[in-house]
2 protein chains.
Amino acid sequence: MALAETIDLESRVEAGDHQALKLWLRLLACTTRVETVIRNRLRSEFGTTLPRFDLLAQLEREPGGLTMGELSARMMVTGGNVTGIVDQLEGEGLVVRNEHPSDRRAFRVQLTPAGRRQFRRMAAVHEGWIVDLFEGWSPTQKTQVHELLATLKTHLASFDATPAPRRKNKDSA
Amino acid sequence: MALAETIDLESRVEAGDHQALKLWLRLLACTTRVETVIRNRLRSEFGTTLPRFDLLAQLEREPGGLTMGELSARMMVTGGNVTGIVDQLEGEGLVVRNEHPSDRRAFRVQLTPAGRRQFRRMAAVHEGWIVDLFEGWSPTQKTQVHELLATLKTHLASFDATPAPRRKNKDSA
DNA sequence: TATTGTTATACTCTATAACTATA
DNA sequence: TATAGTTATAGAGTATAACAATA
C-alpha cells in the first residue's frame, strides 16, 4: 500500500500499474455510491428508475421528439428495452408515440405536457441531490476534474464498449 | 436589495448546480464505459463476471478465508447472492467452503490452489486492461484524481447508500 | 432486401423472506 | 431468541432472435 517512495527501477512499472488500478477502484467506488443514492431516491421520492428518468431527459432536450431507434442509440441500450420503457411511460401519460412525418414504420416519441412538468419537477430535485453529493469538491476542483475527465473520455472513445458481448460481424476474432 | 443583485445571485447558484450535474454526467459516462469494457473482456477472455472476479479478489487478500457473511459485507451485496456465486466458483474448483474453527454454522471460504493461480492470471491481465484504459492520464494526473477522489469519498460516506430501497427504520437524512 | 419497432425469451445482478442448523 | 447460511422468488436492467409492417 504505502510502499511508494522506496521503489527501485524494476518495480516502477509495476507501481505504475497499481496506480491505475487503485485509481480505478476508487473511481468505481465513488460512482457506484452516487448512483445507488440516486437510484434509491428516484424510487422512494418519485417511484421511478434511472432508465426512465434518462429517457425523459433525452426527450426533454429534443422538443421535436425522437424515434425509438434514436432513443435506443442515445441511451445505449438495445431496442427491445426502449419499447418496454416507452410502454410504461406512455401508460402513465408522460410520453406519447406520435406518427412520424415521413416514415410510417417509425414514431416521434414526445413528452406530453404532463410529462414535461413531471420531468422538470424531478430534474430540479435530482440536480439538488447531485449538488449535495458533490459538495465534497470546491468549484475549482469540480472544474478541474471535469476537464481531466474530458481527456479521459477522448481516450476511452477508442475502446470497444458495445453493449453486446457479440456483434453481428466484424469482430476481429 | 436591488433586483439586479437578486438575479445575479440566483443565476450563480444555478450555474453552480449545472456544474455539478455536468461533472456527474461525465464521470458516469467514463465509469460506465470502463466498466462495460471490463465486463465484456472478463466474459470473452475468461468466461467470468465482475462479481465473481471481485469475490476471488476478496479471498486472495485474505489467505485465512472469509465467512459468507464477511464476503457479503465486503462485496456490499446481500447473503443470498454470495451463496450463488460461491456455489458456482466451488463447482469450478476455484474456492472451497472449509469448516469454521469455532462456529459450526459458518464456513471459511478460501481459494483453492487452482483458484489462486486462476485469479492471479486474470488479475494480471485485468490490470493491464486498466492501465491501457487510463493511459489517457499522465501519472501526475492519475495521482491528482486519486487524491481528489479521496476527498469525495469521505464526503459521500455520509450519504445513505444501503442496497435496499427500504430499511427497517427511519431515514436519517 | 433492409430497416423500424414489437414480442418473447433469457441471463445477470441484486433484494426479500421463509427456512435450517447451529449458537 | 439470535445468527449464519440456504432456498426460493421477484424485479431491475439488459441482450438476442424471430417477426410484422413499411421502405
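Here is how names work: the chains are called A, B, and so on, in the same order as the sequence lines, proteins then strands, and each is numbered from 1.
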Distance, rounded to the nearest Å, where [X] contributes [atom1] and [N] contributes [atom2]:
X        : N      : atom1 : atom2 : answer
B:Leu55  : C:dT14 : CG    : P     : 11 Å
B:Phe53  : C:dC13 : CZ    : C1'   : 18 Å
B:Arg108 : D:dG5  : CZ    : C1'   : 17 Å
A:Met75  : C:dG5  : CE    : C1'   : 16 Å
B:His100 : D:dT3  : NE2   : C1'   : 13 Å
B:Glu99  : C:dA23 : CD    : C1'   : 16 Å
B:Asp54  : C:dT12 : CG    : P     : 17 Å
B:Asn81  : D:dG13 : CG    : P     : 16 Å

**Side-chain N,O (A:Thr78) to OP1/OP2 (D:dA15) below 4.0 Å** =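 Checking A:Thr78 against D:dA15: at least one side-chain N or O falls below 4.0 Å of OP1 or OP2.
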
**Prompt:** Hey, is the side chain of A:Thr49 poking within less than 4.0 Å of OP1 or OP2 on D:dG13, counting only N and O atoms?
**Reply:**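 The answer is yes; a side-chain N or O of A:Thr49 sits under 4.0 Å from OP1 or OP2.
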
**Asked** Looking at CG of B:Leu59 and CG of B:Leu89, how far apart are the two atoms once the value is rounded to the nearest 0.5 Å?
**Response**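 Atom-to-atom, B:Leu59:CG and B:Leu89:CG are 8.5 Å apart.
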
**Item:** CG-CG distance between A:Leu23 and B:Leu133, expressed to the nearest 0.5 angstrom
**Value:**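 CG of B:Leu133 is found 11.0 Å from CG of A:Leu23.
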
**Item:** Pairs satisfying side-chain hydrogen bond (donor to acceptor under 3.5 Å, both in side chains), at least one member in residues 83-93 of chain A, at least two apart
**Value:**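 For residues 83-93 of chain A: A:Arg52-A:Gln88, A:Asp87-A:Arg97, A:Glu90-A:Arg97.
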
**Asked** Where do A:Val82 and A:Ser72 come nearest, in terms of heavy atoms and distance?
**Response**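 Closest approach of A:Val82 to A:Ser72: CG2-CA, 3.6 Å.
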
**Closest contact, heavy atoms only, A:Leu148 versus B:Trp137** =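 Residues A:Leu148 and B:Trp137, closest heavy atoms: O-NE1, 2.7 Å.
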
**Message:** I'd like to know if the side chain of B:Thr112 reaches the main chain of B:Leu94, judged simply by a donor and an acceptor atom lying under 3.5 Å from each other, with no hydrogens or angles considered.
**Reply:**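 Checking the backbone N and O of B:Leu94 against the side chain of B:Thr112, a donor-acceptor pair under 3.5 Å is found.
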
**Prompt:** Does the B:Arg33 side chain pair with the main chain of A:Phe159, one donor and one acceptor, at a distance under 3.5 Å?
**Reply:**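 Looks like yes, one N/O pair under 3.5 Å.
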
**Asked** When all nucleic acid strands are considered with a 4.0 Å heavy-atom cut-off, which category describes A:Arg39: base, sugar-phosphate, or nothing?
**Response**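 Sugar-phosphate only.
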
**Message:** Tell me which pairs pass ring pair (Phe, Tyr, Trp, His ring centres under 6.0 Å) where either residue lies in residues 74-95 of chain B, with sequence neighbours left out.
**Reply:**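 Applying ring pair (Phe, Tyr, Trp, His ring centres under 6.0 Å) to every pair that reaches into residues 74-95 of chain B, excluding sequence neighbours, yields nothing.
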
**ring pair (Phe, Tyr, Trp, His ring centres under 6.0 Å): pairs with one or both residues in residues 25-62 of chain B, sequence neighbours excluded** =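 Passing the test, one end in residues 25-62 of chain B: B:Phe53-B:Phe119, B:Phe53-B:His126.
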
**Request:** Can you check each nucleotide of nucleotides 17-23 of chain D against protein heavy atoms at under 4.0 Å and return B for base, S for sugar-phosphate only, - for none, in 5' to 3' order?
**Result:** ----BBS

**Message:** Short of 4.0 Å, heavy atom to strand atom, which residues of residues 61-69 of chain A count as contacting DNA chain C?
**Reply:**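 Of all residues in residues 61-69 of chain A, the ones placing a heavy atom under 4.0 Å from DNA chain C are A:Thr67, A:Met68, A:Gly69.
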
**Request:** Check whether any side-chain heavy atom of A:Phe134 sits under 4.5 Å from a side-chain heavy atom of A:Val145, and report yes or no.
**Result:**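 Result no, sub-4.5 Å side-chain heavy-atom pair not found.
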
**Prompt:** Considering only heavy atoms, which members of residues 83-98 of chain A lie under 4.0 Å from some atom of DNA chain D?
**Reply:**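 Here the set is empty: none.
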
**Prompt:** Are the charged groups of A:Glu70 and A:Arg74 less than 4.0 angstrom apart, N to O?
**Reply:**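 A:Arg74 and A:Glu70: not salt-bridged.
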
